[in-house]
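Worksheet for the structure shown next.
All values below were derived from every heavy atom in this structure, side-chain atoms included, with hydrogens, water molecules and symmetry-related copies excluded. A note on names: the letters A, B, ... follow the listed sequences, proteins ahead of strands, and every chain is numbered from 1. The structure presented is a predicted model; accordingly, all values stated were derived computationally and were not measured.
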2 protein chains.
Amino acid sequence: MNTLSYGLLALLSVKPRTGYELMQQIQPLWRAKHSQIYPLLAKLEQLGCVRFVQVTQKEKPDKKIYSITETGLAKLRSWLPEQADEPVKRDELLLKAYCLSLAEPRQARHLIAERRALFQNHLAKYNAQLAELKRETGLSDGEPGLRSPYFGNYILIKRAIAGAQLELEWCSWVMHILDEEQGQCAERPEP
Amino acid sequence: MNTLSYGLLALLSVKPRTGYELMQQIQPLWRAKHSQIYPLLAKLEQLGCVRFVQVTQKEKPDKKIYSITETGLAKLRSWLPEQADEPVKRDELLLKAYCLSLAEPRQARHLIAERRALFQNHLAKYNAQLAELKRETGLSDGEPGLRSPYFGNYILIKRAIAGAQLELEWCSWVMHILDEEQGQCAERPEP
DNA sequence: TGTTCCATGTAATTCGTTACATGATTAA
DNA sequence: TTAATCATGTAACGAATTACATGGAACA
């Protein structure tokens with residue numbers, strides 16, 4: 001059982017989900033495609049960590065709703081206190097940012113603008129998730145307590161929002177520098 | 001040529017480095033082991049994107065100092081304006097955080113404390129890098145301009161510092177919540 | 001009429017990690 | 001004396017992406 005398998009169990013420990021939902025909802029924590037998740041769910045089922053009920057839908061494809069078993073919960077609990085690996089980050093934009101002085105100013109601005117747009121979308125999604133979580137838990141202003149199964153989701157959404165905001169601030173800061181240098185060129189064109 | 005290959009070229013566009021140095025210095029942007037980097041450098045050399053000079057050292061193993069060629073620079077420049085892929089994040093701690101309500105309170109605190117220690121180390125390293133960059137560029141207080149080859153490194157270090165600080169703030173915030181709930185138990189033991 | 005969403009799966013390929021290999025120097 | 005740093009490489013394995021495959025509903 002690899003780390004992603006434990007991640008799937010982690011999501012299922014809060015509430016049952018389909019493979020499709022797991023694929024979508026695990027993204028902010030652990031990037032994975034559906035082609036990786038479906039085979040792992042089948043393995044977890046063989047191991048007795050999860051079970052599923054097949055639901056036939058009209059107007060939509062059939063689906064399997066997975067839930068965690070006692071065996072799965074035990075596996076999760078024994079994995080939890082183990083030391084977590086360092087987070088993995090691979091960010092192509094940062095590689096480009098490293099040699100940004102090679103790019104033409106408007107290319108540079110375009111790259112940063114794209115990143116800004118991306119994280120504006122992320123931020124909107126995270127805010128929507130926070131609103132939905134408050135609906136789900138029935139807490140309009142307070143926060144779910146440590147023992148609530150939604151506690152983890154709550155602290156992660158708050159983290160994601162702060163992270164997206166920081167990303168946007170960095171983009172603004174870089175854009176300002178780019179604009180300043182650009183402005184100087186416009187005011188003082190080269191002789 | 002994959003993304004990591006371009007990343008190596010990006011680092012080499014600022015100054016020549018050994019494979020070992022490339023392996024270390026690309027980590028904050030793109031996690032990779034030496035076993036992945038050395039073969040890529042050999043390929044880049046075959047493609048004419050980089051060249052190296054072998055340096056024999058006394059008291060230390062021999063090394064190859066790689067530098068970028070005109071061909072490599074051209075490749076870099078044509079890659080730069082292409083749209084950057086979304087960043088990849090895989091963070092085991094966040095998977096554990098998601099089901100933190102399953103952990104015993106002291107296990108939970110231990111997990112967060114470990115993360116805090118990790119990023120305290122990161123923060124110290126980034127601050128040291130900022131100081132070294134200021135030495136290298138000779139700028140004691142100002143920032144390298146957009147056209148400086150150190151501009152990219154500068155904005156990335158600033159970004160990394162802000163990111164590490166945010167991570168530490170999140171850890172503190174979570175720890176506070178954990179401590180409060182713990183405190184309540186201590187004050188009001190269950191009947 | 002083309003794209004996105006829902007929903008699941010497999011196969012081929014590339015990417016990334018771990019392990020194997022060597023070896024001297026220095027700090028704890 | 002055990003580990004870490006410097007320094008390079010290859011081989012085996014596991015993990016992750018892309019492509020192949022299907023199909024109806026809603027939306028623009």
Selected nucleotide, minimal atom distance to B:Ser35 side chain, candidates D:dT17, C:dG9, C:dA19: C:dA19
Would you mind classifying the nucleic acid contact of A:Gln24 as base, sugar-phosphate or nothing, using non-hydrogen atoms under 4.0 angstrom? sugar-phosphate
Is the A:Trp173 ring parallel, tilted or perpendicular to the B:Tyr154 ring (thresholds 30°, 60°)? tilted
Whole-Å gap separating C1' (D:dA16) and CG (B:Leu4): 15 Å
Atom CD of residue position A:Glu70 - does it have more than 12 heavy atoms of other residues, nucleotides or ligands inside 6.0 Å? no
Please give, in whole Å, the distance from D:dA15 P to A:Tyr6 OH? 12 Å
A:Thr18 (side chain) and C:dT8 (base): donor-acceptor pair under 3.5 Å: no
In short, B:Arg31 meets A:Arg90 closest at the heavy-atom pair O-NE, 2.9 Å
Short side-chain N/O contact from A:Gln57 to OP1 or OP2 of C:dA7, under 4.0 Å: yes
Between atom CD1 in B:Ile65 and atom P in D:dC6, what is the gap in whole Å? 15 Å
So which nucleotide from D:dT17, C:dG16, C:dA7 ends up closest to the side chain of B:Gln36? C:dG16
Cation-pi check, A:Lys158 onto B:Trp170 ring (under 6.0 Å, within 45° of axis): no
Rounded to the Å, how far apart are B:Gln27 CD and C:dT17 P? 9 Å
For residues B:His110 and B:Glu114, is any side-chain donor paired with an opposing acceptor at under 3.5 Å? yes
Under-4.0 Å side-chain N/O to phosphate OP1/OP2 contact, B:Arg90 with D:dA15: no
Look at A:Lys64 and C:dG9 and indicate whether a side-chain polar atom (N or O) is within less than 4.0 Å of OP1 or OP2. yes
Of the nucleotides C:dC6, D:dA7, C:dT8, which has the atom closest to the B:Pro61 side chain? D:dA7
Out of C:dA7, D:dA25, C:dT25, minimum distance to the side chain of A:Glu59 belongs to D:dA25
Does OP1 or OP2 of C:dA24 have a side-chain N or O of B:Lys58 closer than 4.0 Å? no
Let me know the distance between CD of B:Glu45 and P of D:dT8, rounded to the nearest Å. 14 Å
Nearest to side-chain heavy atoms of A:Lys33, which nucleotide of C:dC6, C:dT17, D:dT17: D:dT17
Separation of C:dT18 C1' from A:Asp85 CG (nearest whole Å): 13 Å
Please work out whether the ring planes of B:Trp79 and B:Tyr6 are parallel, tilted or perpendicular, with thresholds of 30° and 60°. parallel
Consider the side chain of A:Tyr20, meaning its heavy atoms from C-beta on, and name the nucleotide among C:dC6, D:dA25, C:dC15 that approaches it most closely. C:dC6
CD1 of A:Ile37 versus P of C:dC6: gap in Å, rounded? 15 Å
Can you tell me how far C1' of C:dT8 sits from CG of A:Leu40, to the nearest Å? 15 Å
Taking only the side-chain heavy atoms of B:Trp30 (C-beta and beyond), determine which of C:dT8, D:dA16, C:dG16 contains the nearest atom. C:dG16
Identify, between B:Tyr38 and B:Val88, the residue whose nearest nucleotide on DNA chain D lies closer to the 5' end. B:Tyr38
Choosing from C:dC15, D:dT10, D:dA15, which nucleotide comes nearest the side chain of B:His34? D:dT10
